[in-house]
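Inspection log for the structure reproduced underneath, given as structure tokens.
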Amino acid sequence: MPIDATQPYDADNIFAKILRGEIPCKQVYRDEWSLAFHDINPQAPTHILVIPTGAYVSWDDFSARGHVARDAGLVAPGYRLLANIGQHGHQEVPHLHVHLFGGRQMGQMLPR
Ligand code: AMP
């Protein structure tokens with residue numbers, strides 16, 4: 001179910017539990033600021049979630065509190081980043097995250 005992204009951060013959300021090590025994940029990368037791990041229900045051959053270690057509900061929350069994203073470099077043959085926000089964006093987990101899809105041709109951005 002999509003969440004209300006205007007609500008305060010819920011420290012019991014599934015990604016908060018993964019960050020605290022209470023729930024396992026298939027980790028790809030971790031540093032002081034970010035964690036990347038494989039999505040449990042992949043929508044492409046490669047489907048990775050990238051989340052900040054900080055407690056932000058959404059990109060709006062993140063932007064409002066004045067932090068700057070630290071980006072990884074882009075590599076050939078390309079991939080897709082996607083962020084869901086709130087009800088219409090169909091965000092299900094109330095911890096800021098971006099989906100990274102790769103490993104196949106992604107096709108058009110949205111179904112027509
Ligand atoms: P969103 O709809 O953008 O909030 O996406 C949440 C994503 O989290 C979905 O793609 C889920 O498959 C994924 N997800 C939920 N629980 C877990 C988990 N325990 N480990 C990895 N991915 C998860």
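First listed ligand is number 1; within each ligand, the first listed atom is number 1. These figures come from a predicted structure and were not determined experimentally.
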So, is [X] polar-close to ligand 1, with some N/O to N/O distance under 3.5 Å?
X     : value
Asp39 : yes
Phe37 : no
Asn84 : yes
Ile23 : no
His90 : yes

### Side chain, backbone, both or neither: the part of Gln43 lying under 4.0 Å from ligand 1 by heavy atom
neither
### Task
Would you mind telling me if ligand 1 is within reach of the side chain of Ile3, the backbone, both or neither, using heavy atoms under 4.0 Å?
neither
### Task
Apply side chain to side chain contact (heavy atoms under 4.5 Å, CB included) to Gln27 and list each qualifying residue two or more places apart in sequence or on a separate chain.
Cys25, Arg30, Leu35
### Query
Taking only residues two or more places apart in sequence or in another chain, which ones pass side chain to side chain contact (heavy atoms under 4.5 Å, CB included) with Asp39?
Asn41, His47, Leu49, His99
### Query
Would you say Phe101 and Thr46 make side-chain contact, with heavy atoms under 4.5 Å?
no
### Message
Could you tell me if the side chain of Trp33 sits less than 4.5 Å from the side chain of Pro52, heavy atoms only?
### Response
no
Numbered atoms and elements of ligand 1 in range of [X], under 4.0 angstrom, heavy atoms:
X     : value
Leu49 : 8 (O), 13 (C), 22 (N)
Asn41 : 12 (O)
His99 : 1 (P), 3 (O), 5 (O), 7 (C), 10 (O)
His97 : 1 (P), 3 (O), 4 (O), 5 (O), 6 (C)
Phe15 : 8 (O)
His38 : 21 (C)

### Message
Please list the nearest protein heavy atom to atom 4 (O) of ligand 1 with its residue and the distance rounded to 0.1 Å.
### Response
Glu92 N, 2.7 Å
### Message
What protein heavy atom lies closest to atom 23 (C) of ligand 1? Include the residue and the distance to one decimal.
### Response
Ile40 CG2, 3.5 Å
### Message
Determine whether Ile51 and Leu96 satisfy the following criterion, side-chain contact (heavy atoms from CB on, under 4.5 Å), listing intermediate values before the conclusion.
### Response
CA-CA 6 Å; Ile51 73 174; Leu96 168 65; over 6 Å; no
### Verdict with supporting geometry, Leu100 and Arg80, side-chain contact (heavy atoms from CB on, under 4.5 Å)
CA-CA 6 Å; Leu100 190 163; Arg80 176 166 293 162; over 6 Å; no
### Task
Tell me whether the centres of the aromatic rings in His95 and Tyr56 are closer together than 6.0 Å.
no
### Query
Is Val98 reachable from Val93 through a run of I, L, V, M, F, W or Y residues, each pair having side-chain heavy atoms under 4.5 Å apart?
no
### Message
Using modelled atom types and a 3.5 Å cut-off, is there a donor and acceptor pairing between side-chain atoms of Gln91 and backbone atoms of Val57?
### Response
yes
### Message
To the nearest 0.5 Å, what is the distance between CD1 on Ile85 and CG on Asp60?
### Response
6.5 Å
